[in-house]
Amino acid sequence: MTHTADPQPPADAPVGTQRTKPVEKHRAGRLPGRQDWRSWPHYQAAKAGFRGYWYPVCFSNQVTGKPKQVTLLGEKIVIIRDQGRVYALSDRCPHRGVPLSCGNQQFKGTLSCVYHGWTFDLDSGELVAAITDGPQSPIRGKVVQPTYDVEERLGMVWIFVGDGEKPHPIDDQLPEELVSNPAVLGARIQPREGNWRFACENGYDEGHAKFLHRTALWRMFKPMPVWNITQIVQRGRWIYRTQTEQHWDADYPGVGTWTSRAWYKAKPPKDPKQVSNIGNTGPGKDPNPVIAAQEFPGFASVSMPGVLRIVYPSFIHYEFYVPVDENDHLYVGVLAEFREGWKVLPFYAKYLGWVRWLFHGQFSGQDKWMVEVTDAPPEKLYRPDESLLKWRKLAEDVTEERLEKLAADGIVPAEPRV
Amino acid sequence: MTHTADPQPPADAPVGTQRTKPVEKHRAGRLPGRQDWRSWPHYQAAKAGFRGYWYPVCFSNQVTGKPKQVTLLGEKIVIIRDQGRVYALSDRCPHRGVPLSCGNQQFKGTLSCVYHGWTFDLDSGELVAAITDGPQSPIRGKVVQPTYDVEERLGMVWIFVGDGEKPHPIDDQLPEELVSNPAVLGARIQPREGNWRFACENGYDEGHAKFLHRTALWRMFKPMPVWNITQIVQRGRWIYRTQTEQHWDADYPGVGTWTSRAWYKAKPPKDPKQVSNIGNTGPGKDPNPVIAAQEFPGFASVSMPGVLRIVYPSFIHYEFYVPVDENDHLYVGVLAEFREGWKVLPFYAKYLGWVRWLFHGQFSGQDKWMVEVTDAPPEKLYRPDESLLKWRKLAEDVTEERLEKLAADGIVPAEPRV
Amino acid sequence: MTHTADPQPPADAPVGTQRTKPVEKHRAGRLPGRQDWRSWPHYQAAKAGFRGYWYPVCFSNQVTGKPKQVTLLGEKIVIIRDQGRVYALSDRCPHRGVPLSCGNQQFKGTLSCVYHGWTFDLDSGELVAAITDGPQSPIRGKVVQPTYDVEERLGMVWIFVGDGEKPHPIDDQLPEELVSNPAVLGARIQPREGNWRFACENGYDEGHAKFLHRTALWRMFKPMPVWNITQIVQRGRWIYRTQTEQHWDADYPGVGTWTSRAWYKAKPPKDPKQVSNIGNTGPGKDPNPVIAAQEFPGFASVSMPGVLRIVYPSFIHYEFYVPVDENDHLYVGVLAEFREGWKVLPFYAKYLGWVRWLFHGQFSGQDKWMVEVTDAPPEKLYRPDESLLKWRKLAEDVTEERLEKLAADGIVPAEPRV
């Protein structure tokens, strides 16, 4: 099925290409299947990210007593560590709009604006002193700066951005296997251009890796399949890409044959139906016991608010797509192995020796490039994009449910927001 | 005649200057003659260029099997050479909006998108394979990428941008003498800032050269006239500036005398009526036979869609003003001599030795500067601007005729577009 | 009093912070006291500066026979010196919009446009010749370029930007003591980012210096008070900050104590009521006789259109905030001592030795930083901002009066402009 049956009116084609060839066969801009995103109104509206989630913003060791500005879902936030704990406040002094992250600490447990010394309690956000107006300043206690809930997990600082509801426990949102098992991690955080949705869609995209990444050094000795037959399966809050066939060669009528195999690459299985859903190069070695115990229905899975999980026999790779604003996101790549004690040492050697540079570096850099140049909608989807459609539907349904709950609790108005 | 009789309502003057001096003699912003471009609606609308023409985009040897992006009339186009021939397609993959110029060739006669391997036939634009969806991909043959007609002439690649009509032969559009005579060429292509119309108007402008270029090294040993009497004459699709008087000195009442003559410059004729319309420094040596045979009615001529021809006794200089988009254009300068065989060798010595650096370089760089800083309308025209007015009228009339023909053929709607 | 009684409807809070914490105590965006600038409509409208004033644009020695462009209140102006006198004209040739500042002088008392030699009389703005159209050009005398009144004072060039009225004498606008007494000056002109109003408000701001500048090298050996009790007093066209109490230590309940005193800094007076309004560190040495004679009611004063005066016993520091456009301003800092003859020599040693680098440099650089990051409205004012409110009111009232006078003279329409 090519997704051509969408009943929505066709999006306006760009003027230039539309006018170029008005003859029938050239009317690409008007073909059925040309999609906008009206089918997913919450997803369409979530340019700057979905509210109601915890997001990682930096490594824990990057937060000290010197205030630091981060931008998350378009909101500027100042974070600072005081007596071991990390605090987060809206980074705009209500007095004259100067960033509090330009400020400094004059008293324990507070942060003072650099301009006039307005001093806020880090925990409550309350204005506890306006230094330059003296101890009896009438404004003291009459201003409260918005604050954010903060947690530290996986060596990173996480901030909850919501609509005023009580945050859910962060462990409910992390990949389950990371919460309940000891693991060793290698991670990379990189600011990237492009909307976070293109990054997430790129990550979960069934089709691109086989073609785009076939040239990556990370895959130098392993071929990529040419095409798969894949089903999207939901289990809990994750949806999985479950492969039922993998084809390693193909002959395109009137065009030619194509494969990513080479004499120096591993030999894939001969039978297209001999597939594995741990790793993507056919059945591999026995998986790590923790990974095996998860019985993942598929190699690649995704969950809200944009978390990708790629399962290999000996490790799992995660990507967190953190919305900075409508135009930028943070790429957070995490490689986890489930081992402890002295066995973590070879992991560090492997991660710092090559995984970081080849996988979190050059391979992921190809994705970075695509996210920068993707420009949709309009778009024209094909069969493997079933993965994108299911991800958008997941985001849409989960958000609908969340907003209904917030409305029932009286936190947001009951009428549809979008 | 100063062009003060234009019956159109005065354009709004810029706020700053308008408010500066409200007294009568300072109301420059409200004087009759302040012009906007409403008299030439097609010309006014053609910010990004006139459709229905061939435009040069680069040298032929710049197009190889590696795809290359060019922008023409605001449209992004990928060009690629396959088995000797150059092809051009709209440079946006309809799947997810990635530029096809990021892609590469996987099969002869095709171009594949770098992201998912969507593979388009270069000639027809048809999607002949979606590599990562296998040979039976249902989308195969259901998508057609817009294509552009391409020709190679004068060592350059030319693309036709129209509204869906069958392109006219490119030779109908090139300067006639270049089509029918052997010539040797020296050319320079340079991306420049500024709207293409300012570049074209600068080129054909009767008034500026005498003052702006008097300091150019190219004119070090030749004076410039101070002012001319000029008539604009149409012959075929060209309009010519025909000079009937050239004045080499002038005495401005209450101001002083002015000339560009100097002891080290050639002596111009004494009689203002002793003028030549080949070259601009009076009657020169016998012209080249091909040039003489053209019997050009004037030194400088212009034709649609923005082609300038400056005729000297031994060579002709052409400028093609190629609209990139509303803000940028491509300057294409071509110097042609009508010789062949071993006689082309001294031409190359002359062109590469000094013409390229002085004429296509520093002299033309003065025009580049003016195009960057010109900011009209509003404008207040003077007598020599008859040349601009006639050029605008030519553009207007030719476009009116073209659109009527397209409407008669049912290619564009009959109602006025502008 | 915190300025919470403003009856105007609350400004819309920024979306991000507003939605973050809807619970009552976090509704910072909705608290009374959130201010926009609707109370001061003329001030709000004066983004690009107040018209009807003289503004300094550069040092006198920066203006020669080579034309120079300056931007003032958003208007581009060309200035040039001819036979000793400075002239200013609107810097856009009415012909084709090219800046006259690209041009040059072809005849005494005129300026010619570089493009076609349109030649304007510097004094009247009249088009006295269009060189490339010959002496009988019909456009001669039919175009008048707007001009500006110019004066030279304090070693600088001043331009009057108004609405067509006759300018008032510049000496009526300069600080009185500079007009009537010999003085020696050290000055710095620096283009700065940010709206001129933030620069002016920063300069006259009662609250910021004590906190922001406590770290400046200029104050290394002098403490700053912690907080003052201040009244704003008007005398003539200036409003003064009159200090009645200065506190050098403070104990903030539940937070801690704070002071800027240190063992290596001068000792301030013990009695908070022992204050001086010459200098800000208590009663100092006997002031210079000229300064004493002014009997200034306060240390810091401001007048239209944005002139700050800070009085010390031996010198006065002025800041002129010159609007370039809505986003940029010119900082003009002037240090004056009232001495003459050989006594000016030690002044130059002091100014060039350290005042220029510490006061007009690093100290003023802290203000520059704040002006760049200030982002108001919305704003939430506190007690010391009485100084800002009075300044805005002064600007509002003076402008109201000016416009009524212009309307009475028939120069601007009688209906309210704002």
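Chain naming here is simple, since letters A, B, ... match the order of the sequence lines and numbering starts at 1 in each. These numbers were taken from a predicted model, which means no experiment stands behind them.
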ask   = Can a salt bridge be assigned to the pair C:R402 and C:D163 using a cut-off of 4.0 Å between side-chain N and carboxylate O?
value = yes
query = In terms of heavy-atom pairs under 4.5 Å with chain B, which of C:P99, C:G74, C:A130, C:C102 leads?
reply = C:C102
inquiry  = Check the orientation of C:Y43 and C:W37. Use parallel for under 30°, tilted for 30 to 60°, and perpendicular for over 60°.
reply    = tilted
task = Pick one of side chain, backbone, both or neither for B:T215, based on which atoms fall under 4.5 Å of a heavy atom in chain C.
result = neither
request  = Pick one of side chain, backbone, both or neither for B:N202, based on which atoms fall under 4.5 Å of a heavy atom in chain C.
outcome  = both
key: chain C contacts, top residue of B:E372, B:H208, B:H213, B:E206 (heavy-atom pairs, under 4.5 Å)   = B:H208
remark   = Interface check, chain B: of C:V114, C:T110, C:I77, C:D121, most non-hydrogen pairs under 4.5 Å belong to C:V114
inquiry  = Less than 4.5 Å to any heavy atom of chain B: does that hold for the side chain of C:Y115, its backbone, both, or neither?
reply    = both
Ring pair (Phe, Tyr, Trp, His ring centres under 6.0 Å) partner of C:W54, the single match among C:F320, C:Y148, C:F160 = C:F160
ask   = Between B:D271 and B:K273, is there a salt bridge with N-O shorter than 4.0 Å?
value = no
Check: C:Q44 main-chain N/O paired with C:R197 side-chain donor or acceptor under 3.5 Å = yes
message = Salt bridge check, C:E201 against C:R392: does any charged N sit closer than 4.0 Å to a carboxylate O?
response = yes
ask   = For B:H247, is it the side chain, the backbone, both or neither that has a heavy atom under 4.5 Å from a heavy atom of chain C?
value = neither
